[in-house]
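Not measured: the values here are computed from a predicted model. Just so it is clear: chains get the letters A, B, ... in the order the sequence lines come, proteins before strands, and each one is counted from 1.
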Amino acid sequence: MKRCVSTVLMIVLLAFPSLHIAMAQADIDRVAIITPASRTNQAWDQQGVDNLTAAGEELGIDVEVAENAGYEDITPILQDLVDDGSDLLVCHASGYQTVCPEFAESSGVPVVVIENPGAVQEGLVADIETQAQEAAYLAGVLAGLETKTGTVAIVVTGEPPTWNYMTVGFAEGLHSVKPDAKLLYNSIGEGSYDDAAGAKRVTETVLAAGADIVFGQGDGAAWGMIQAIRDHNEQHADAPAKFIDVIGDKSDSEAKDFLLTSVLFDYTATYLQLIDDLEQGTFGSVVTMNVENNGVRLLEPEIDVSEENWAQVQETREKIVSGDITVSAIGDADGVHNRLKELFPDS
Amino acid sequence: MNIEAVMTAILSAALLSAVPLVLASTGEAIGERAGLLNLGTEGIMLVGAFSGFWVSLRTESLALGLLGGAAAGCLAGALFGIGCVVIGADQVLLGLGLTLAGGGLTAFLFRELFGSSQPLLPTSAGRPFNTLAEHLPVIGPGVFGQKWFFYVAWLIVFGAELVMRRTTFGLRIRAVGESPQAVDAVGISVTRTQCLAATIAGCLAGLGGAGLSVMELGFFQPNVTLGLGFIAIALAMLGRWTPWRIAVIAIMFGLLRGLGSGLQLTRWDVSPDLLQLLPYVGVIVALILTGKGLRMPSALGQTYAQRRRRRPATGSATQE
């Protein structure tokens with residue numbers, strides 16, 4: 001009898017594929033996000049948590065947060081989240097590119113990964129491409145127009161794909177308006193996202209080398225860069241330096257006096273789309289955040305920037321959206337070093 | 001590129017960043033000299049860093065913040081001393097517990113008190129010898145352009161060196177770490193000496209943590225020390241439990257760290273990751289070169305049961 005029923009079911013499923021898809025649809029009650037560092041770091045981790053919370057509120061679903069998970073094996077944490085009833089896991093770090101798809105395969109619970117399109121699997125793994133190189137290009141244009149010394153610095157807390165995309169985008173933007181600029185590139189250390197002391201030390205070094213604009217890519221470490229610039233500006237009031245931040249908006253912090261702009265990330269629309277995909281049974285694709293869909297954008301400067309310069313940035317944005325300007329998407333560290341040498345051989 | 005300015009920045013940052021490390025490491029050295037291996041230095045530094053930051057923010061005084069951080073460190077150090085000397089808890093377990101508790105507690109308190117905001121302390125602090133800074137290139141601004149706490153910290157380290165070498169109290173600490181039985185036999189309280197050493201070690205670790213959050217960074221973040229406490233423990237051993245040696249190694253460590261950043265600016269065709277290994281390679285080389293004949297305090301890590309004393313009827317002999 002059982003065999004009979006299953007045979008009939010199989011025939012029905014094969015005969016009516018739409019019914020098959022309908023059965024794969026899911027009701028989402030709870031989603032979870034796992035972050036390597038603190039959800040209150042006003043950077044990468046906080047942005048992901050805040051945006052997923054906003055998406056959850058809009059849809060009326062619960063959001064569970066597992067923060068400070070670090071970069072060790074997070075499988076037990078993922079299992080805990082599933083045991084608590086999470087229907088979707090957002091693995092909010094490029095460092096989770098491998099462990100999360102593996103967990104999805106073994107548990108059958110869908111996951112979202114960052115910067116790993118190769119892992120995409122229908123119904124199980126979706127990928128977010130935070131290729132912010134386009135917005136970083138705009139930041140580079142603004143830096144090129146605003147620098148007084150002609151020396152601009154990039155300080156990074158490692159060389160993950162997300163940072164690398166932005167580094168190249170920024171350098172290309174700077175080169176487009178000021179090809180004779182000097183670009184200093186300095187990495188604090190691999191995975192040093194929260195090394196505030198290291199960030200302060202390195203930023204002091206690039207400021208001493210003449211940089212008057214620092215494009216800082218760090219999470220908690222960004223505060224070290226900010227303090228280095230504050231310190232510098234107090235001692236060199238006649239030649240103050242400016243800061244360009246990434247991911248979050250720090251314009252209500254002490255940095256507001258010298259925050260030139262920020263490459264802002266907004267995952268809300270992306271998360272809404274991914275949850276909808278899961279509910280509709282179409283989960284498992286690559287979702288790209290770019291300037292056109294406002295997933296990444298440039299923060300409007302609150303400090304004194306000439307209207308002419310800001311207008312030029314807006315014009316450049318239109319050119320990117322229309323396809324007149326194409327920004328390189330280089331995610332690997334060697335590629336970044338080579339591109340920087342090509343663009344600024346004398347730096 | 002202004003090479004002189006870059007070298008000055010590297011030297012200046014190396015000297016300043018060595019301060020928390022030297023203070024914590026000197027404290028650890030004093031504790032280890034007394035036979036106490038405190039693996040909780042990281043946790044105590046975090047407690048000091050958070051307390052110092054909080055007090056500074058509330059009182060708007062950097063000096064009070066530093067005192068607050070030191071006081072919190074003293075308390076944590078005293079707890080460690082009482083735990084392992086009086087109660088007889090395992091030093092390693094208690095130390096690791098302190099590290100975990102310090103990290104968890106300060107992260108929790110920071111979240112509770114400040115939520116997702118990141119308050120910053122003022123970066124301006126007195127630079128008492130700034131006028132001397134202009135006369136010497138590189139070394140002038142690097143050494144004389146520092147904030148006042150820098151000089152106070154080095155005075156403390158110098159004082160610790162004197163106390164350990166030249167005073168009876170220093171001798172007692174060293175003797176307790178070598179032979180607690182002998183110290184006990186001559187009527188000196190091993191318990192009191194070790195508890196005092198643990199408290200002093202805690203004070204210095206707390207001050208080091210506060211120095212990091214209040215003077216070097218000007219803010220606190222959960223786990224802001226990033227393993228500095230463990231480096232301090234290694235440094236204490238590498239410096240053979242002698243403050244001046246510890247200071248020299250800490251500065252070299254800082255310089256090598258700064259050199260990594262400086263070399264990146266030259267676009268030297270070497271991976272930044274390799275350059276960042278420099279200070280750690282330096283420590284390994286130093287260990288190999290100086291490790292020969294390294295002798296730890298004989299009673300390090302051992303729990304000594306203080307003899308119970310009975311007032312002697314006639315003589316001065318003590319008995320169990």
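- In this structure, the portions of A:Glu190 lying under 4.5 Å from any heavy atom of chain B include both its backbone and its side chain.
- Using a cut-off of 4.0 Å between Lys/Arg side-chain N and Asp/Glu carboxylate O, A:Glu204 and A:Arg201 are scored as not salt-bridged.
- A donor and an acceptor atom, one from each side chain of A:Asp249 and A:Ser262, are nowhere located under 3.5 Å apart.
- A:Leu52 contributes atom CG, which lies 11.0 Å from atom OG1 of A:Thr35 (distance to the nearest 0.5 angstrom).
- A salt bridge links A:Asp245 to A:Lys250: at least one charged side-chain nitrogen sits closer than 4.0 Å to a carboxylate oxygen.
- For residues 158-167 of chain A, the set of pairs meeting the salt bridge (charged side-chain N to carboxylate O under 4.0 Å, His left out) definition, not counting sequence neighbours, is empty.
- Of the N and O atoms on the side chains of B:Gln264 and A:Ser187, not one donor lies less than 3.5 Å from an acceptor on the other residue.
- Here the shortest heavy-atom pairing between A:Tyr271 and A:Ala55 reads CB-CB, 4.0 Å.
- In terms of heavy-atom pairs under 4.5 angstrom with chain B, the leader among A:Asn186, A:Thr205, A:Ile188 is A:Asn186.
- Residue pairs meeting the side-chain hydrogen bond (donor to acceptor under 3.5 Å, both in side chains) criterion with at least one member in residues 217-227 of chain A, sequence neighbours excluded: A:Thr167-A:Gln217, A:Gln227-A:Arg230.
- The main-chain N or O of A:Ile330 is never found under 3.5 Å from a side-chain atom of A:Ser328 such that the two would form a donor-acceptor pair.
- Using a 4.0 Å cut-off between charged side-chain N and carboxylate O, B:Arg127 and A:Asp231 make a salt bridge.
- Listed in order of number, the residues of residues 9-23 of chain B that approach chain A to under 4.5 Å between heavy atoms are B:Ala9, B:Ile10, B:Ala13.
- Of the two parts of B:Leu277, neither the backbone nor the side chain holds a non-hydrogen atom closer than 4.5 Å to a non-hydrogen atom of chain A.
- The shortest heavy-atom contact between A:Pro36 and A:Tyr96 is CA-OH, 3.2 Å.
- Taking 4.5 Å as the heavy-atom cut-off, the residues of residues 209-226 of chain B that approach chain A are B:Leu212, B:Glu216, B:Leu217, B:Gly218, B:Phe219, B:Gln221, B:Leu226, ordered by number.
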